[in-house]
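Start at 1 and go down the list; that is how both ligands and their atoms are numbered.
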Amino acid sequence: MACTAESVADAVRAAAAVVASHRDELVALDRAIGDGDHGENLNRGFTAVVAALDEGTPDTPAAVLKLVASTLISKVGGAAGPLYGTAFLRASAVVKDAAELGPAEVVAALEAALGGVVARGKAEVGDKTMVDALSPAVEAARSADSVSELLTAAAEAARAGAESTEPLVARKGRASYLGERSAGHVDPGARSTALILGSFAAGPVR
Ligand code: ADP
Ligand code: MG
Ligand code: MG
């Protein structure tokens with residue numbers, strides 16, 4: 001089964017639910033090495049996304065992804081709002097007007113999302129950002145055959161990638177102001193990326 005607009009919307013609702021249930025965890029991670037607002041920012045954004053989807057599901061996967069992008073850009077703020085917004089916007093652009101997304105389109109969407117985050121934030125793997133979760137996720141997704149398998153592989157790689165940020169010293173974003181003191185904590189944006197990809201894998205998108 002491929003992903004229709006409806007199943008992409010369901011995946012996004014699953015992401016909103018996971019962001020809500022991990023809000024406090026993300027706040028705590030960002031309090032350790034940032035300003036403590038990451039869980040709040042993302043939860044506000046995804047709550048607005050669900051409200052927008054409740055008005056009606058857009059016709060195509062691309063239109064759903066574009067709605068997510070514009071809502072996150074306008075509601076999340078901080079560093080993460082434009083970064084996640086760009087990720088969803090680039091994913092939307094690359095899948096064009098396809099009615100359903102198969103494995104090739106989902107991989108292309110993930111690659112485009114990563115490209116957008118890197119173009120905007122200029123972070124590399126190892127800089128202790130969301131790129132440390134998203135980049136291995138894209139790599140893992142490429143080697144799977146079905147949408148279900150590739151989302152599972154991406155989620156697992158993102159989870160491990162987020163954990164790998166713990167010992168790192170941040171080189172981008174607010175956490176980089178702490179220098180060596182940023183080591184010893186998981187990056188909040190890497191964790192939220194792993195949570196969101198995990199929700200896509202667990203959700204009804206097959
Ligand atoms: P802010 O730091 O403005 O308060 P958030 O707390 O919402 O924004 O988001 C912080 C997260 O954004 C970080 O944990 C990191 O993963 C991500 N981030 C920050 N700067 C960059 C960047 N240049 N490239 C990629 N990700 C970044
Ligand atoms: Mg913050
Ligand atoms: Mg902030």
Side-chain angles (χ1 to χ4, degrees), residues 12 15-50 68-91 109-141 154-155 157-200:
V12 170
V18 92
V19 164
S21 65
H22 290 264
R23 175 190 169 281
D24 294 351
E25 179 195 343
L26 295 171
V27 164
L29 290 174
D30 197 32
R31 201 172 279 145
I33 59 169
D35 57 358
D37 60 358
H38 189 61
E40 191 65 52
N41 290 347
L42 268 194
N43 190 42
R44 182 174 57 250
F46 274 96
T47 299
V49 167
V50 169
V68 174
S70 60
T71 308
L72 293 181
I73 288 168
S74 71
K75 300 287 183 190
V76 176
L83 290 166
Y84 274 120
T86 303
F88 280 97
L89 199 59
R90 295 273 185 111
L110 289 168
E111 285 173 343
L114 173 63
V117 170
V118 170
R120 180 129 207 154
K122 311 272 184 278
E124 295 173 7
V125 169
D127 285 349
K128 196 180 180 101
T129 71
M130 58 176 72
V131 171
D132 290 350
L134 190 51
S135 181
V138 170
E139 198 56 50
R159 193 195 56 72
E163 279 179 17
S164 80
T165 64
E166 184 167 344
L168 300 178
V169 172
R171 286 194 290 252
K172 283 283 186 295
R174 201 176 281 279
S176 66
Y177 308 160
L178 292 180
E180 300 287 330
R181 280 182 295 136
S182 63
H185 305 276
V186 168
D187 176 65
R191 176 66 177 143
S192 62
T193 293
L195 287 168
I196 290 166
L197 288 171
S199 76
F200 290 172

What N, O or S atom of Asp37 is found closest to the Mg ion (ligand 3)?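 Output for this pair reads OD2.
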
Does [X], backbone or side chain, put an N or O under 3.5 Å from an N or O of ligand 1?
X: Gly121; result: yes
X: Ala123; result: no
X: Lys122; result: no
X: Val117; result: no
X: Asp35; result: yes
X: Lys128; result: no
X: Gly189; result: yes

Suppose we only allow N, O or S atoms; which atom of Asp35 ends up nearest to the Mg ion (ligand 2)?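 Considering only N, O and S atoms, Asp35 comes nearest to the Mg ion (ligand 2) through OD1.
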
Provide the atom name of the closest N, O or S atom of Asp30 relative to the Mg ion (ligand 2).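 It is OD2, the N, O or S atom of Asp30 closest to the Mg ion (ligand 2).
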
Taking the six-membered ring for Trp, are Tyr84 and His38 parallel (under 30°), tilted (30 to 60°) or perpendicular (over 60°)?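 Parallel, since the angle between the ring planes stays under 30°.
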
Nearest non-hydrogen atom to atom 9 (O) of ligand 1 belongs to which of His38, Arg171, Arg191?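 Of the listed residues, His38 has the closest heavy atom.
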
Take atom CZ of Arg44 as the centre, draw a 6.0 Å sphere, and report whether it contains more than 12 heavy atoms from other residues, nucleotides or ligands.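 More than 12 within 6.0 Å, yes.
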
